[in-house]
Asker: 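Below is the structure I would like to discuss, written out as structure tokens.
Numbering of ligands and ligand atoms starts at 1, following listing order. Quick caveat, the model's predicted, so the values are computed rather than measured.
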Amino acid sequence: MKNPNLTLSPEIARALNFGTPVVALESTVITHGLPQPQNLELARDMEQQVRDFSAVPATIALLDGEIRIGLSDEELVRLSEADSVLKVSHRDFATAIAKKMNGGTTVAGTMFAAQLAGIKVFATGGIGGVHKESAFDISTDLRALTEIPMIVVCAGAKAILDLPATLEYLETMGVPVVGYQTDEFPAFYSRESGLGVSVRLDSPKEVADFAQTHWQLGMRSAVLVTNPVPEAEAISKSKMEPLILKASAEAIGQGIHGQKLTPFLLSRISQLTEGKSLRTNLALLLNNARLAAQIAGEMTVPKKVKAI
Ligand code: PSU
Ligand code: MN
């Protein structure tokens with residue numbers, strides 16, 4: 001099952017062929033989400049975390065206009081240091097390919113490419129959602145979650161977003177929101193949001209079985225697994241709220257919108273928390289890589305079905 005638009009690393013090609021558990025990892029977090037050198041360290045640590053839990057990591061990105069599934073260490077270094085690099089969501093793939101650019105794939109972009117490769121489990125930090133700053137700023141991540149059958153492990157969504165609206169959208173589009181060992185939707189830096197999930201599940205096997213049931217019914221959407229940041233690294237909602245309001249007001253004041261909005265808010269919040277939010281961010285990413293690897297290990301390998 002070769003897709004001419006994708007280049008799989010030899011390790012990923014082998015793993016997919018033999019049914020070894022594989023976990024997709026996004027790369028916008030490397031190119032736009034974290035500063036240097038923490039971005040490279042994080043990329044390496046996430047891959048290691050996946051390996052420690054007996055799965056193979058597939059970091060997904062664009063290099064010189066090629067969609068790459070699985071990167072070598074040299075390629076991770078290149079991506080983390082690249083200064084002209086596109087943030088690639090659905091609408092940007094053809095741009096990056098036509099212009100032979102490097103690109104970091106968002107949650108939506110990573111899901112799109114991972115699906116083409118046949119990968120079913122994906123770990124990220126936080127998903128995009130409905131922004132507060134401007135009408136119609138709704139992340140393509142939400143659309144991808146409605147149309148791509150994949151388990152997406154995240155720490156919820158940042159309270160920089162309109163979280164109630166984000167959850168309403170997911171409900172309308174039929175995307176289950178799983179709370180992993182929690183009844184509350186986590187808000188990325190914070191374990192609490194005051195908002196609920198659609199189902200609580202308590203083990204990797206329960207998550208794998210749940211997703212397989214969802215798809216066996218004929219549902220086509222993703223299953224969003226929200227995994228709260230470990231307690232020791234969490235920042236309370238009440239501490240985060242004023243900082244988020246400040247960063248948001250600055251974005252509006254400076255006219256920042258579109259693709260630039262999320263990276264702006266992330267870096268302003270990191271400054272406003274004097275680096276504490278960065279440590280939280282790293283901890284939750286590793287925590288998600290670990291859970292995704294465990295879930296991937298519990299998935300039954302699908303039988304090859306004939307293409308129609
Ligand atoms: N949220 C985070 N950290 C991130 C992102 C979101 O807490 O790095 C990145 C992800 O790659 C996500 C993207 O897919 O930002 C969403 O961007 P936008 O809102 O422009 O769709
Ligand atoms: Mn947006």
Asker: Taking NZ, NE, NH1 and NH2 as the nitrogens, is one of them in Lys87 or Asp92 under 4.0 Å from a carboxylate oxygen of the other?
Answerer: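 Between Asp92 and Lys87 there is no salt bridge, as every charged N stays at least 4.0 Å from the carboxylate O atoms.
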Asker: Is the shortest distance from a Lys or Arg side-chain nitrogen in Glu74 or Arg78 to a carboxylate oxygen in the other one below 4.0 Å?
Answerer: no
Asker: State, with a plain yes or no, whether a side-chain heavy atom of Asn102 is found less than 4.5 Å away from one of Leu62.
Answerer: no
Asker: Could you tell me whether Lys239 and Glu192 make a salt bridge, using a distance below 4.0 angstrom between a side-chain N and a carboxylate O?
Answerer: no
Asker: Closest by any non-hydrogen atom to atom 14 (O) of ligand 1: pick that one out of Asp141, Leu34, Val88, Thr105.
Answerer: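 It is Asp141 whose heavy atom sits nearest to atom 14 (O) of ligand 1.
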Asker: As a check for students: among Leu161, Ile127, Thr28, identify the option with a heavy atom nearest to atom 9 (C) of ligand 1.
Answerer: Thr28
Asker: Out of curiosity, is Lys87 lining ligand 1, as in a heavy atom under 4.0 Å away?
Answerer: yes
Asker: Any N or O of Gly128 that comes nearer than 3.5 Å to an N or O of ligand 1?
Answerer: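 No; every N/O pair is 3.5 Å or more apart.
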Asker: Going by ring pair (Phe, Tyr, Trp, His ring centres under 6.0 Å), name the residues that satisfy it together with His257, two or more places apart in sequence or in a different chain.
Answerer: none
Asker: Where do Thr105 and Ser27 land on the side-chain hydrogen bond (donor to acceptor under 3.5 Å, both in side chains) test, with the steps shown first?
Answerer: CA-CA 5 Å; Thr105 48; Ser27 49; 3.2 Å; yes
Asker: Within the 3.5 Å criterion, strictly below it, is a donor on Thr59 or Glu47 matched to an acceptor on the partner's side chain?
Answerer: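 Looking only at side-chain atoms, Glu47 and Thr59 do form a donor-acceptor pair, the distance falling under 3.5 Å.
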Asker: Do me a favour and list the nearest non-hydrogen protein atom to atom 8 (O) of ligand 1 with residue, atom name and distance?
Answerer: Leu266 CD1, 3.6 Å
Asker: Taking only heavy atoms of His131 into account, list the atoms of ligand 1 that are under 4.0 Å away from them.
Answerer: 19 (O)
Asker: Under 2.8 Å from the Mn ion (ligand 2), which protein atoms of type N, O or S occur, listed by chain and number?
Answerer: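 For the Mn ion (ligand 2), the protein N, O and S atoms that sit under 2.8 Å away are Asp137 OD1.
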Asker: Can you see which heavy atom on Ala234 is nearest to which on Lys276, and at what distance?
Answerer: O-NZ, 4.1 Å
Asker: Just need the protein heavy atom nearest to atom 21 (O) of ligand 1, so name the residue and atom and give the distance.
Answerer: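 For this ligand atom, the closest protein heavy atom is Ser139 OG, 2.7 Å.
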Asker: Looking only at heavy atoms, is any part of Asp137 under 4.0 Å from ligand 1, and if so is it the side chain, the backbone, or both, or is it neither?
Answerer: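 Looking at Asp137 and ligand 1, no heavy atom falls under 4.0 Å.
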Asker: At less than 4.0 angstrom from any non-hydrogen atom of Phe188, what atoms of ligand 1 do you find?
Answerer: 7 (O)
Asker: Nearest to atom 15 (O) of ligand 1, what protein heavy atom do you find, and at what distance?
Answerer: Thr262 CG2, 3.6 Å
Asker: To which of Arg143, Lys260, Lys158 does the heavy atom nearest atom 2 (C) of ligand 1 belong?
Answerer: Lys158
Asker: One thing to verify: whether Arg268 and Glu250 come together as a salt bridge, which I'm taking to mean a side-chain N less than 4.0 angstrom from a carboxylate O.
Answerer: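 Yes.
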Asker: Fit a plane to each ring of Phe93 and His90, take the angle between them on a 0 to 90° scale, and name the class: parallel (under 30°), tilted (30 to 60°) or perpendicular (over 60°).
Answerer: perpendicular
Asker: Can you figure out which of Gly33, Gly126, Ala108 has its heavy atom closest to atom 1 (N) of ligand 1?
Answerer: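 Nearest option to atom 1 (N) of ligand 1, by heavy atoms: Gly126.
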Asker: What heavy-atom pair brings Arg191 and Val229 nearest, and what distance separates the two atoms?
Answerer: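 Where Arg191 meets Val229 most closely, the heavy atoms are NH1-O, 2.7 Å.
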Asker: Should Lys132 and Leu161 count as side-chain neighbours, where that means a heavy-atom distance under 4.5 Å?
Answerer: no
Asker: Any salt bridge between Arg200 and Asp183, counting N to O under 4.0 Å?
Answerer: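 Salt bridge present between Arg200 and Asp183.
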Asker: I want to know if ligand 1 touches Thr106 in the polar sense, i.e. an N/O pair below 3.5 angstrom.
Answerer: no
Asker: Need the ligand 1 atom indices (1-based, order shown) with element for anything under 4.0 Å from a heavy-atom of Glu26.
Answerer: 10 (C), 11 (O)
